[in-house]
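For reference, the structure is listed below as structure tokens.
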2 protein chains.
Amino acid sequence: MAKRELPFQSRQEFHEEGHRVFLPHLSVDCVIFGFHNDALKVLLLKWKQGPWCLPGGFIKHRESIDQSANRILKERTGLDSIFLEQFYAFGDPAREKGKRVKGAWIGKRFITIGYYALVEYSQVFPQPDLLSSECRWWDVDEVPELIYDHKEIMNKALYTLRLSLNDHPVGYNLLPEKFTMPQLQKLYETILGEPLDRRNFQKQMLSLNLLIRLKERKTGGAHKAPFLYKFDKKRYSSALQTGLRISF
Amino acid sequence: MAKRELPFQSRQEFHEEGHRVFLPHLSVDCVIFGFHNDALKVLLLKWKQGPWCLPGGFIKHRESIDQSANRILKERTGLDSIFLEQFYAFGDPAREKGKRVKGAWIGKRFITIGYYALVEYSQVFPQPDLLSSECRWWDVDEVPELIYDHKEIMNKALYTLRLSLNDHPVGYNLLPEKFTMPQLQKLYETILGEPLDRRNFQKQMLSLNLLIRLKERKTGGAHKAPFLYKFDKKRYSSALQTGLRISF
DNA sequence: TTTTCAATGTGTAAGATATACACAATAGTA
DNA sequence: TACTATTGTGTATATCTTACACATTGAAAA
């Protein structure tokens, strides 16, 4: 997969010429969630010789905010057309405390629009960019110190995700095509931060009529082989429109 | 009450000098809801020789977005410290289609951050500003054509309000201090857009333990006098923190 | 090969919550 | 004084949520 780049050749050119391409004072930050090894993960970027931060970017002059967020997401993950939703705009004038890039457009006050994405972990090949040295998944419980107010942004995304669990079967976006009921349950438990009853969970999930149990079972585990399930895409799509309600 | 003004003496000065005071490309629009005569209302502004629009404004360089929204709200209603919440940022580059103020900072592409407010109708004294000729309440079912994407913004606010009804006893903000159970029910019915059962509604509302029934009854109506209620402020505050759940 | 282990698959009863529903009381109006 | 439209109130049913235990099985260990 080709490495994707900013439309600039160097950090300096980006700082000097960014204002021609991007709207000033505005950025987009993405909280990209994945699920792996029974843990909820978030994709973070490390600035060269700097702290970790959320993958973000800027809004081009003739681009919608959604398009910007999709572009940024694609640059970091290689994915497009996955679940991506705006959740809040952060704009405390003190949020860049500590940032000192005098003069440059990037040194100005920024208001950032937060998006959260749900992606399938195994499909993602994290990509750093010109300004960053590393891009990798972190367990949400173990994220390091983040720059500016990015921890706050992440927490608000997590909170939003928790709420949206009720009207949105997030498993569809976060799990691989075929998955087991215990996996699905772990996902819910991780997002909600509390354990759920196995039998009741299964009952509720199946009662939504969105899951199809496959003939196969998942082998390789050390114990009894669980069934595999997949989402019924047709029902899933129409359920999203009607709006569904799950509660725990 | 003194008329509140923009920090400019004229429309022209505002257009020419606005960029010194405000962040470019960014605005805030408020969907201000009130409740009166059993109907949900929204406060709209009419541009001089132009269409109706949501009351909005711009973000000062050293002001948080919340502060901007509060300022704008105060300018239009005279109220402060009422319920005001950010709900979405709108930024389609085509949203200003039809707007033609060449050259001026205000003619640029704008991304607007939407807030919705819940206010007590009787407390509000609508104030037009330099740029507008009129400011008044409209029944949400009867709002006229609005400028740009303001109708979309209003609809999203309405949708958000509908959802937030579940974790937020909106009556506290929209109704006068003393109100009747039928009034409260009408409010819910209006927001939800569907009729509710009188007995079940009352049962649920009272079961929240947020209401205090007063000795007085409301007189003047043509029929049996209903009791008056008020919110139990203490319980209300603590319930908001714990998060409460109402469902219909 | 057998035993052990830890996880999976499954149903029912009790409790809580939501829904459906009807008649007596009353304040103002005619 | 009678009428009318609105308010106040309780119960039975259905639905949904919760709590809970044992037999099965695949792999690993003995």
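Here is how names work: the chains are called A, B, and so on, in the same order as the sequence lines, proteins then strands, and each is numbered from 1.
- Distance Gln185(B) CD to dG8(D) P: 11 Å, rounded to the nearest Å.
- A donor-acceptor pair shorter than 3.5 Å can be found between the side chains of Tyr115(A) and Asp66(A).
- One interatomic measurement links the two molecules: CZ of Phe201(B) to P of dA20(C), which rounds to 16 Å at whole-angstrom precision.
- Atom pair Leu184(B):CG and dT6(D):P shows a separation of 18 Å (rounding to whole Å applied).
- Few gaps surround NZ on Lys48(A); more than 12 heavy atoms of other groups in view lie less than 6.0 Å from it.
- Distance Leu196(A) CG to dC20(D) P: 15 Å, rounded to the nearest Å.
- Side-chain atoms of Ser64(A) and Asp92(B) include no donor-acceptor pair closer than 3.5 Å.
- Each of Asn155(B), Leu44(B), Leu54(B) was scored for a side-chain contact (heavy atoms from CB on, under 4.5 Å) with Val143(B), with one residue passing: Leu44(B).
- Rounded to an integer number of Å, the gap from Glu194(A) CD to dT17(D) C1' is 14 Å.
- Here dA5(D) presents its P atom at 15 Å from NZ of Lys186(B), a figure rounded to the nearest Å.
- Computed from coordinates, the Asn166(A) CG to dT17(D) P distance equals 11 Å when rounded to whole Å.
- Counting only residues at least two apart or in different chains, side chain to side chain donor-acceptor pair (under 3.5 Å) contacts with residues 214-224 of chain A comprise Lys178(A)-Glu216(A).
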Can you give one letter per nucleotide of nucleotides 3-13 of chain C, going 5' to 3': B for a protein heavy atom under 4.0 Å from the base, S for sugar-phosphate only, - for none? ---BBBBBBB-

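- Remark: side-chain polar atoms of Gln204(A) are not paired, donor with acceptor, to backbone N or O of Phe201(A) under 3.5 angstrom.
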